[in-house]
> 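Before I ask anything, let me first share the structure, which is written out below as structure tokens.
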Amino acid sequence: MVKAVFPGSFDPPTYGHLNIIERGAGLFDSLDVVIAVNSKKTPLLSHAEIKKLMEEQLVSMGLKQVSVTTYDGLVVDYCRSVGASVLLRGVRSSADFDYEFELSILNKQLNEEVETVLIPTEPKYFVLRSSTIKELLNLGGDISAMVPPEVEKALIKSRARGD
Ligand code: ADP
């Protein structure tokens, strides 16, 4: 039984993340999406909002074997606590690969037992990144091809309350 963890800030959850989750769910016996703190990024949505939105999407995709958790410690410690042996990440570009490669080395040093598995994005999700979505949102651009309608609504609400 191979248990995998897919950590990220998912702020907001995008079609790119959902694609990696769907493909990861087909590779492992169970998959845990872990909403982790990224201190380098200014949050748009709260962890509770992200969890609710992510869970709604997983239900509509029929992915019952995928769960969603929030965690504010080291991801490798989370893996240890739930007995997960795979840390799943997505890669959009060679810049992403450099970052993910270094992160995988660091995580391996922190926990020998966890292997990082990288899944390359599909071309249609290549330009999907949260910084682009934030910019488009601020300028009133169309983000409907990047995030599900429920996520778009939550983002518009969060912008209206000035988050
Ligand atoms: P983090 O802040 O930890 O990088 P993100 O929420 O930005 O978290 O991303 C989580 C994971 O999903 C990362 O491995 C990232 O490379 C991957 N990812 C993000 N967007 C895409 C996309 N469009 N296609 C494939 N993978 C993606």
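Since we're looking at a predicted model, the values are computed, not measured. We count residues from 1, following the sequence as given. In listed order, ligands and their atoms are each counted from 1. Note that these values count all heavy atoms, side chains included, but never hydrogens, waters or copies made by symmetry.
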> For Ile20, run the side-chain contact (heavy atoms from CB on, under 4.5 Å) check against Val33, Leu31, Ile119 and tell me which one passes.
Ile119
> Answer with side chain, backbone, both or neither: which part of Ile119 has a heavy atom less than 4.0 angstrom from an atom of ligand 1?
neither
> Using heavy atoms and a 4.0 Å limit, tell me yes or no: is Phe6 in contact with ligand 1?
yes
> Looking only at protein heavy atoms, which one is nearest to atom 4 (O) of ligand 1, and how far off is it?
Arg89 NH2, 3.3 Å
> Of all the non-hydrogen atoms in the protein, which one sits nearest to atom 7 (O) of ligand 1, and at what distance?
Lys41 NZ, 3.1 Å
> Heavy-atom contacts under 4.0 Å between Tyr15 and ligand 1: side chain, backbone, both, or neither?
neither
> Regarding ligand 1, does Glu100 bring an N or O atom to under 3.5 Å of one of the ligand's N or O atoms?
yes
> Once you round to the nearest 0.5 Å, how far does CD of Gln57 lie from OG1 of Thr14?
10.5 Å
> Heavy-atom contact check, 4.0 Å cutoff: does Ile20 meet ligand 1?
yes
> Mind checking the OG-NZ spacing from Ser46 to Lys51? Nearest 0.5 Å is all I need.
11.5 Å
> If I take atom CG from residue Leu87 and atom CG from residue Leu103, how far apart are they, to the nearest 0.5 angstrom?
8.0 Å
> Tell me: protein heavy atom nearest atom 24 (N) of ligand 1, and distance?
Thr121 OG1, 2.8 Å
> Using the ring-ring contact (aromatic ring centres under 6.0 Å, His included) rule, collect all pairs that involve residues 51-72, keeping only residues at least two apart or in two chains.
Tyr71-Tyr78
> Give the residue and atom name of whichever protein heavy atom lies nearest to atom 6 (O) of ligand 1, and the separation in Å to one decimal.
Phe10 N, 2.8 Å
> Less than 3.5 Å between some nitrogen or oxygen of Tyr125 and one of ligand 1, yes or no?
yes
> State the CE-OG1 distance between Met54 and Thr69, to the nearest 0.5 angstrom.
11.0 Å
> Output yes when a side-chain donor or acceptor of Asp11 lies under 3.5 Å from a complementary backbone atom of Leu45, and no otherwise.
yes
> Roughly how far, to the nearest 0.5 Å, is CG of Leu53 from CD of Glu152?
12.0 Å
> Which of the numbered atoms in ligand 1 are under 4.0 angstrom from any heavy atom belonging to Asp96?
16 (O)
> Between Met1 and Ser30, does the side-chain contact (heavy atoms from CB on, under 4.5 Å) criterion hold? Intermediate values first, please.
CA-CA 8 Å; Met1 159 114 186; Ser30 80; 4.1 Å; yes
> Judged on heavy-atom distance to atom 26 (N) of ligand 1, which of Pro12, Gly90, Gly8 sits nearest?
Gly90
> Tell me which part of Glu122 gets within contact of ligand 1: side chain, backbone, both or neither, using heavy atoms under 4.0 Å.
neither
> Counting only heavy atoms closer than 4.0 Å, does ligand 1 sit against the backbone of Leu128, its side chain, both, or neither?
both
> May I ask you to identify, for Arg92, whether its side chain, its backbone, both or neither come under 4.0 Å of ligand 1 on a heavy-atom basis?
side chain
> Got the closest protein heavy atom to atom 9 (O) of ligand 1, with its distance?
His17 NE2, 3.5 Å
> Name the closest protein heavy atom to atom 8 (O) of ligand 1, giving the residue it belongs to and the distance to 0.1 Å.
Ser9 N, 3.1 Å
> Any chance CG of Asn138 has more than 12 other-residue heavy atoms, nucleotides or ligands included, within less than 6.0 Å?
yes
> Hey, could you give me each pair passing salt bridge (Lys or Arg N to Asp or Glu O under 4.0 Å) that has a residue in residues 88-99? Not counting sequence neighbours.
Arg89-Glu100, Arg92-Asp96
